[in-house]
Asker: 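Let me give you the structure first, and then I'll get to my questions.
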Amino acid sequence: MKKIPQNNSSCSGRIRKICLAAGGAALAASAAASIAFASYVTQIKGQTLKQALTWQKSHYDISWCSGLERKKYVITAWDGYQLHAELCRCPADGNRYVILSHGYTDNRYGNLKYMKIYLDRGYHCIIYDLRGHGENQKTYCTYSCREAKDLQSVISDTRRRYGEGIILGLHGESLGAATTAAVMQYHPRVNFAVCDCGFAALKNVLLPGMKKAHLPRLLYYGASLVSRIRYGYSFSQMKPIAALSDCDVPMLFLHGGEDALISPEDSLRMSRAVKGYSEYHQIVGAGHAESVLKQPKRYRQLVNSFLNTIGC
């Protein structure tokens with residue numbers, strides 16, 4: 001009986017094609033997942049002003065707002081983007097101002113819970129919608145990169161409007177706190193900064209969340225690359241702590257002890273990274289962005305003590 005020769009070359013070729021097809025499909029799936037995750041991270045599903053105001057009313061007393069003299073205006077940012085802002089004047093005349101930056105998906109009315117502390121101290125309060133939030137044109141979030149440039153624009157605008165010699169401070173919550181820390185790379189002309197529950201680096205928020213959701217770590221790096229290509233900023237650039245090594249602006253870092261979204265360790269690390277004077281305090285029993293609501297007297301005392309210490 002004649003033996004039929006095996007075509008090893010043809011068999012190997014088919015295997016190679018199958019492997020290449022499988023590899024290509026895996027690569028395409030990975031790329032698609034990275035694009036989807038990058039879009040998920042950077043998109044902003046923000047509240048309307050009405051929704052934010054309703055939330056504030058349901059959680060604490062804001063009746064004092066009705067008696068404030070308020071002025072709405074628009075600030076042109078570094079790239080021509082329009083930022084909606086509002087001046088809330090302190091009843092007592094003076095030259096002290098504070099710019100308050102809200103958290104992710106919130107808007108300028110999210111700052112109301114902090115304003116009374118400053119108004120009672122004689123500060124005029126400037127609240128504004130972060131890029132992509134509130135009344136601003138919709139766009140993607142870069143987690144302190146573009147936002148810090150915007151805040152620098154707000155700082156410059158404030159001094160032009162109200163005087164170069166004013167005392168000017170900053171106060172930020174969550175994304176607003178990260179933005180407040182990140183603006184220090186531009187050496188802003190401010191007298192102090194208060195950062196509440198900010199992140200030191202975006203990866204400190206994303207990676208633990210991905211682990212809980214059983215998502216592969218590799219997805220983070222793929223999405224970061226997509227973000228770099230699509231938006232001009234990788235996730236690794238979204239790192240406010242990098243702006244603090246030569247910062248000599250006095251800074252106060254506050255963080256809820258039960259924060260499950262952003263670890264209190266982030267604020268502690270940022271406080272230690274500041275070149276100049278800084279303080280760090282943890283608010284026991286408070287979750288993310290809850291410190292001023294859970295312990296309002298303690299919160300006010302810490303802010304006032306800090307401002308007294310630095311002479312503001």
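Side chains are part of it too, since the values below use all heavy atoms of this structure and drop only hydrogens, waters and symmetry mates.
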Asker: Just grab all the ring-ring contact (aromatic ring centres under 6.0 Å, His included) pairs involving residues 290-312, residues at least two apart or on different chains.
Answerer: Tyr114-Tyr299
Asker: Taking atom types as modelled, find out whether Ser174 and His288 have a side-chain donor-acceptor pair closer than 3.5 angstrom.
Answerer: yes
Asker: Does any part of the side chain of Arg146, heavy atoms only, come nearer than 4.5 Å to the side chain of Tyr140, both counted from C-beta?
Answerer: yes
Asker: Using side chain to side chain contact (heavy atoms under 4.5 Å, CB included) as the criterion, list what pairs up with Leu207, not counting sequence neighbours.
Answerer: Lys203, Met210, Arg217, Tyr220
Asker: Quick check on side-chain hydrogen bond (donor to acceptor under 3.5 Å, both in side chains): which of Arg131, His84, Gln82, Arg108 does Asn136 satisfy it with?
Answerer: His84
Asker: Which residues, ordered by chain and number, are linked to Ile35 in its hydrophobic cluster, where ILVMFWY side chains connect at heavy-atom gaps below 4.5 Å, directly or through other members?
Answerer: Val226
Asker: Considering all heavy atoms of both residues, which atom of Pro264 and which atom of Asp259 are nearest to each other, and what is their separation?
Answerer: CD-O, 4.2 Å
Asker: Is a side-chain donor or acceptor of Ser153 paired with a backbone partner of Trp78 at a separation under 3.5 angstrom?
Answerer: yes
Asker: Are Lys149 and Asp79 ion-paired here, with the side-chain N under 4.0 Å from a carboxylate O?
Answerer: no
Asker: Does the separation of the ring centres of Tyr97 and Tyr123 fall below 6.0 angstrom?
Answerer: no
Asker: Using a strict 4.0 Å threshold on nitrogen-to-oxygen distance, state whether Arg161 and Asp157 make a salt bridge.
Answerer: yes
Asker: Quick one: side chains of residues 183-191, donor-acceptor pairs under 3.5 Å with protein atoms, not counting sequence neighbours, listed by atom name and distance.
Answerer:
from, atom 1, to, atom 2, distance (Å)
Gln185, NE2, Ala182, O, 2.9
Arg189, NH1, Glu164, OE1, 2.5
Arg189, NH2, Glu164, O, 3.0
Asn191, OD1, Leu168, N, 2.8

Asker: Once side chain to side chain donor-acceptor pair (under 3.5 Å) is applied, do any residues pair with Arg121, and if so which ones, sequence neighbours excluded?
Answerer: Asn304, Asn308
Asker: State, to 0.1 Å, how close Leu112 and Trp64 come at their nearest heavy-atom pair, and which atoms those are.
Answerer: O-CZ2, 3.4 Å
Asker: Are Tyr143 and Glu147 linked by a side-chain donor-acceptor pair shorter than 3.5 Å?
Answerer: no
Asker: Closest heavy-atom contact between Arg89 and Asp93?
Answerer: NH2-OD1, 3.5 Å
Asker: Determine whether His281 and Phe253 satisfy the following criterion, ring pair (Phe, Tyr, Trp, His ring centres under 6.0 Å), listing intermediate values before the conclusion.
Answerer: CA-CA 6 Å; His281 299 281; Phe253 293 88; over 10 Å; no
Asker: Please confirm whether the backbone N or O of Gly134 pairs with a side-chain atom of Asn107, one donor and one acceptor, at under 3.5 Å?
Answerer: no
Asker: Which pairs of donor and acceptor atoms, one on a side chain in residues 267-277, lie under 3.5 Å apart (sequence neighbours left out)?
Answerer:
from, atom 1, to, atom 2, distance (Å)
Ser267, OG, His255, ND1, 2.6
Ser271, OG, Ser278, OG, 3.1
Tyr277, OH, Glu279, OE2, 2.5

